[in-house]
Number of protein chains: 2
Amino acid sequence: MTTSVPETDAHAGVVRRFNRSYTQRIGALDDSFLGTGMPLGTARLLFEVGADPATTRDLRARLGLDSGYLSRLLRRLEADGLVTVTEDPDDRRRRVVGLTDAGRARWDDLERRSAERARELLAPLTERQRARLAAALAEADLLVRAATVTLERVDASSPVARAAVGEYFAELDRRFPGGFDAGEQSAADAQKLGPPSGAFVVATSDGEPVACGGVQTIGDGVGEIKRMWVHADWRGAGLGSRLLRHLEGVARELGHTAVRLDTNGTLTEAVAMYRRAGYLEIERYNDNPYAERFFAKDLA
Amino acid sequence: MTTSVPETDAHAGVVRRFNRSYTQRIGALDDSFLGTGMPLGTARLLFEVGADPATTRDLRARLGLDSGYLSRLLRRLEADGLVTVTEDPDDRRRRVVGLTDAGRARWDDLERRSAERARELLAPLTERQRARLAAALAEADLLVRAATVTLERVDASSPVARAAVGEYFAELDRRFPGGFDAGEQSAADAQKLGPPSGAFVVATSDGEPVACGGVQTIGDGVGEIKRMWVHADWRGAGLGSRLLRHLEGVARELGHTAVRLDTNGTLTEAVAMYRRAGYLEIERYNDNPYAERFFAKDLA
DNA sequence: GGCGTTCTCTGACTAAGGTCCGAGATATGA
DNA sequence: TCATATCTCGGACCTTAGTCAGAGAACGCC
């Protein structure tokens, strides 16, 4: 089915070679967790709790654990006096996990070990080479994260969708010269971005929304792409293009043969991306006061 | 002892962030070994046997396994018809392990899966992003390998030193317009590059020589750096500078207060590196017919 | 208040990874 | 030839890691 593209194979070879040498040399990075007398899974959990205290639900999502298993790990950490598990006052079905003082001390120890490992790796390099390595790893990190983002259709009024749209609006407010006021449209709009004539997609990484976008119907066979946003830290990794392609697919599923969208001239990266994706500029087709430029693309 | 340099800590942070996200995504995807129906340990063992058949004793050392555990893993692989365990004719207490045809097929399968995993990681990216990721990982790979190279003083007539110098001479022969003839100097030179007045250093990675260089005495308190070479695949990672610094340290240990070296104008990278390292060009100080340029540095 | 859903937690279970020890075969040196 | 060391192997045993199903509490919506 998939034809073997030579370049991709060459790139895959680079990935494999890197995996081999890196895990062989740094894979001993697990040792930083192992030296503590705790089993690996327990240490990873403790580390995660310390990095950002959260509900068990979050922890499950972040570490990819079974709820029963997580519960047992928490009992163990609790018995060792390293964490406290208390009821979430907002929703008493949930539990909030936090570190005790002893847990914090243990966590600091893990941090120290981990940082030490990283410094040991860098030690033999000159400052110039260190900077190069850091830059290369940062670039790889961004791209790997982008490649493993999950795109998921969610309800536009779900918490994760609201969170994403909230960040989007906040950014518009920051970037538009006169600010941005979402107004009272939100509730009605969420409706339109849902079944049967619309959809909303959120891209998440480690449970955090990193990009979003929706499709709604504005006419016979014509869809409109709305609320498209990519987290500032995640730009430059092709996530926007990928999301846009995905949304076009969603629009097709909804029976549309063409899509339109509006945007503001301030969002230059967005305009450039739409052009790259084959969008053509058209006349104003709505009365959105914030919109200045209008684009369309045929989905045939 | 080591002062905490802010930049280094920032770089260490990048390394750690990368480690986390990468091992979480790829380490988990190292199920390339798991997808075969074999447990991880068994797969690793099969892989190791396939890479280089050996006695159980060797395998234990290489994988760090308990003898009872290894025995059980081998019984399982044997029962599955993937390996053959036969008596070592040299010592009938020992066993020699090798792959059967089925085992070789399974080994190929592991290789194939590993490549497939790498392709899956790349799949969501555009060709442009893939190329960026591959470039970043290749750069990181080079630097990480360079950082984990081991510098070791060896006898200049040892096999590893001969191998390194052999590659060096071969390269000179390729690069010098009129070729290069090491002549009969080798034996006498190896003598000079050893105790008490000289030393030879080889940098190895995974047992392979990747760089080398020696110090010998040419006068009262004056050392000479000779045979400095970095493998072509390993250039651009600061390995040359590091080796040079190391050799200066060796020269100091030998009681020298200054070092000299000669080189050929053809080796432009080398000349640039010597200048960066604080070497000043001087007049010809020997009658080496291949040398065109001469440098010196005070070690005070 | 009723009902379906969401959430945590426990118990039961399985597979894998790994350690320890001793039996039995084989080599080695006196 | 005998004592001692080396080597493989299987049995007993333990901890991790992880899955699955169901009980029971809490929530949201009508």
Side-chain angles (χ1 to χ4, degrees), chain A residues 27 30-31 33-49 53-80 83-98 154-155 157-160 162 187 207, chain B residues 23-24 27-28 30-49 54-80 83-98:
Chain A
D30 290 350
D31 293 353
F33 278 168
L34 273 167
T36 60
M38 279 186 279
L40 185 68
T42 318
R44 282 207 311 162
L45 176 57
L46 179 71
F47 189 82
E48 203 62 36
V49 171
T55 62
T56 54
R57 188 179 166 61
D58 293 333
L59 292 170
R60 266 214 324 276
R62 269 192 267 162
L63 292 167
L65 298 176
D66 172 82
S67 72
Y69 186 34
L70 174 62
S71 178
R72 216 152 312 143
L73 289 177
L74 285 174
R75 285 303 82 69
R76 173 163 177 174
L77 285 173
E78 219 177 2
D80 291 349
V83 305
T84 54
V85 181
T86 52
E87 273 184 351
D88 182 344
D90 294 339
D91 182 341
R92 281 161 47 228
R93 288 172 302 187
R94 294 190 185 156
R95 298 285 184 277
V96 182
V97 187
V154 300
D155 192 298
S157 57
S158 64
V160 67
R162 282 171 178 284
Chain B
T23 54
Q24 194 181 335
D30 216 2
D31 297 352
S32 60
F33 278 170
L34 271 166
T36 57
M38 277 186 283
L40 184 69
T42 318
R44 281 207 313 163
L45 176 57
L46 180 69
F47 191 81
E48 201 62 35
V49 172
T55 63
T56 55
R57 188 177 168 64
D58 293 334
L59 292 171
R60 268 211 325 272
R62 266 193 268 165
L63 292 167
L65 299 175
D66 174 82
S67 72
Y69 186 31
L70 175 61
S71 177
R72 213 155 312 133
L73 290 177
L74 284 174
R75 284 304 82 67
R76 175 163 175 172
L77 285 173
E78 216 177 5
D80 291 348
V83 304
T84 53
V85 181
T86 52
E87 274 184 351
D88 182 343
D90 295 340
D91 182 339
R92 280 162 48 225
R93 290 173 303 185
R94 295 191 185 155
R95 298 285 183 277
V96 181
V97 187

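First the proteins, then the strands, lettered A, B, ... as listed; each starts at 1. This structure is a prediction, so every number in the text was calculated from the model and none was measured.
Remark: B:Arg94 is not in phosphate contact with C:dT26, judged by side-chain N or O atoms under 4.0 Å from OP1 or OP2. Distances shown here put every side-chain N or O of B:Arg75 at or beyond 4.0 Å from the OP1 or OP2 atom of D:dT8. Contact check, A:Arg92 against D:dA26: a side-chain N or O comes under 4.0 Å of OP1 or OP2. Regarding contacts with the backbone of C:dC7, every side-chain N or O of A:Arg60 stays at 4.0 angstrom or more from both OP1 and OP2.
Residue contacts shown for B:Arg72 include a base, since a base heavy atom lies under 4.0 Å away. Base engagement by A:Gly68 is indicated by at least one non-hydrogen atom pair under 4.0 Å involving a base atom.
Nearest nucleotide to the B:Arg95 side chain, out of C:dC9, D:dT16, D:dC9: D:dC9. Set against D:dA17, C:dC9, D:dA5, the side chain of B:Arg93 has D:dA5 as its closest nucleotide.
Smallest separation of non-hydrogen atoms from B:Val83 and B:Leu74: CG2-O, 4.2 Å.
Atom CG of B:Leu70 and atom P of C:dC20 are 16 Å apart (whole Å). Rounding to whole angstrom units, CG of residue A:Leu65 and C1' of C:dC7 are separated by 16 Å. Rounded to an integer number of Å, the gap from CG of B:Leu74 to P of D:dG10 is 10 Å. D:dC14 atom P lies 18 Å from atom OH of B:Tyr69, rounded to whole Å. Summarising the geometry, the separation between CG on A:Leu73 and C1' on D:dT16 is reported as 10 Å, rounded to the nearest angstrom.
For B:Ser71 and B:Arg75, the side-chain atoms include at least one donor-acceptor pair closer than 3.5 Å.
For the pair B:Asp66 and B:Arg57, nearest-nucleotide mapping onto DNA chain D gives the more 5' position to B:Arg57.
A salt bridge does not link B:Arg94 to B:Glu87: none of the charged nitrogens lies less than 4.0 Å from a carboxylate oxygen.
Side-chain contact between A:Leu45 and A:Thr42: absent, with no pair of heavy atoms (C-beta onward) separated by less than 4.5 Å.
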